[in-house]
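Just follow the structure's listing: the first ligand is 1, and inside any ligand the first atom is 1. What's counted below: heavy atoms across the whole structure, side chains too, no hydrogens, waters or symmetry copies. Just so we're clear, the structure is a prediction, and the values are computed from it rather than from any experiment.
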Amino acid sequence: MQNPGTANATPDRFPAQERLADGAQFIAGRLTKGTSGRTHAVVDPATGEEVYTFELAGPDDVDAAVAAAREAFPGWSGATPGERSEALHRFAAVLAERAEEFARAESLQCGKPLKLTREFDVPGTIDNTAFFAGAARHLQGQSAGEYSGDHTSYVRREAIGVIGSIAPWNYPLQMAAWKILPAIAAGNTIVLKPAELTPLTALLFAQAATDAGLPDGVVNIVTGTGREAGEHLVAHPDVAMTSFTGSTAVGKRVAEIATATVKRIHLELGGKAPFVVFDDADLEAAANGAVAGALINTGQDCTAATRAYVQRPLYEAFVASTAELMETVRLGDPFAPGTDLGPLISHVQRDRVAGFVDRARAYARVVTGGEVPEGELADGAYYRPTLVADAAQDSEIVQSEIFGPVLVVLPFDSDDEGLRLANDTPYGLAASAWSRDVYRANRATREIKAGCVWVNDHIPIISEMPHGGYKQSGFGKDMSAYSFEEYTQVKHVMFDNTAVARKDWHRTVFGDRP
Ligand code: NAD
């Protein structure tokens, strides 16, 4: 391990490294070093090399970040929506100027191909920032009125306070943005803990906010482990709400801790998205959609297509064309222009994914993939795109979230059966239905229990529409105006209009005396 605070990547892979020279904690508008006494290294998963080392946050750093957010809250929540909106517009402009730095840092720490970070992660984040700049001026509520006859009632939609957020490693920049933007647009201040594997772009994001003129303390980042910094943040008495994106198992633990102080909770958890292909579907479109939807971000996407249910007449043809397409996908260096798919986030995650596939060999057919590539990719956390067929519905590979480039395909006969199987996991984040019959497709959108159902596509997201789960995929919405429901509290204000001392309803207390 190198000296903490140092970076070890070439400038073309990590052009922003100088910006993070002072440490990996961003508190009250400045980078500082963590005080846990332990260091951690960000590893490039494409090579296994350490590219940035830093001191992890301990409880004192979390306390300092919460205190900074608390101090910033009265000023920021008291700013007009127009002032907050203007700051967010400036923030979007700074992000756009630094887009290439963000794309390279995200590719470096996650192993994502540069074309993905350039075309998806970074522009999506800039668009989200611009969206929340507009949305900040547009909070919704019921209209004021004399609902009782004798009073005027209205609602105030108010900021909650300091938000404590925790994010995963699969889309570190976008997950930071999805948590930070609606929270601050609504007037809250925030402390975010990114995954310790991937802190770089969350730190650059917070720094860009300060450079754009957001007041110190509005956005703070603590980079520590889940057990230490994460749990301390969730339990903190000065944090009013916990928003968490990550696995269902950790989400349950976070909910337990947050409940002890009656915090609001927002949970975006795991997924196991079904991909339902009816027998009238366009087979070519479905096969392309399945491969792209399963492999995006090397399958480390909570909405990725993971279970393809294909109606019997199309089943064998779908298996054959999906396998053939998977074999054309090029694994390689995330920074090379010809690369379609990068490594997984770590060797640990790669081995976990390989374990699922290896165990499945006993009860299912591995049609293609299922291998760790050798040769020049051997040092990275690579795994070949994998198609598994003929697994039973109740098997591990169909029921558990794998979070890797693995698609399982199963046949079904009737429409009823296809929809029943699609709903048969504990998850409910996203799904897609493939058909050219509007009645069939429309039925699928009604009956699939998931927070998002695509028809004849799988994966696209947009800032204006909500993202969030059903069932054990959690609750609460990211993106869209709906996220303000999460990050605001609604107050009913009621004015008496009669100006009389003894009001009609007082009879219930005073009886019929005048
Ligand atoms: P994870 O649950 O292991 O970790 C997520 C975050 O929680 C990390 O920052 C981690 O440090 C922290 N953490 C771990 N233990 C903690 C604890 N005891 N207390 C507080 N914080 C703790 O998830 P991951 O492996 O980083 O990410 C993959 C998971 O995230 C998948 O399950 C995926 O489906 C999910 N995900 C969901 C969405 C969504 O929108 N629903 C989006 C992206 C990822």
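The closest approach between Ala167 and ligand 1 falls below 4.0 Å for a heavy atom of the residue.
Protein heavy atom in closest approach to atom 31 (C) of ligand 1: Glu401 OE1, 3.4 Å. Of all protein heavy atoms, the one closest to atom 38 (C) of ligand 1 is Cys302 SG, 3.0 Å. Among all non-hydrogen protein atoms, the one lying nearest atom 10 (C) of ligand 1 is Lys193 NZ, 3.8 Å. Nearest to atom 25 (O) of ligand 1 among the protein's heavy atoms is Trp169 NE1, 2.9 Å.
Polar contact check, Thr248 against ligand 1: no nitrogen or oxygen pair lies under 3.5 Å apart. Close N/O approach between Thr245 and ligand 1 is not found [any backbone or side-chain N/O within under 3.5 Å].
Distances below 4.0 Å separate heavy atoms of Gly271 from the following atoms of ligand 1: 34 (O).
Of the candidates Pro194, Gly246, Ser473, Ala229, Gly246 brings a heavy atom nearest to atom 35 (C) of ligand 1.
Using cut-offs of 30° and 60° on the angle between ring planes, the pair Phe91 and Phe205 is tilted. Between Phe54 and Tyr52, the two ring planes are parallel [angle under 30°; tilted spans 30° to 60°].
For atom 18 (N) of ligand 1, a protein heavy-atom neighbour is found at a distance under 4.0 Å.
Here the closest non-hydrogen pair linking Leu407 and Ala294 is CB-CB, 4.0 Å.
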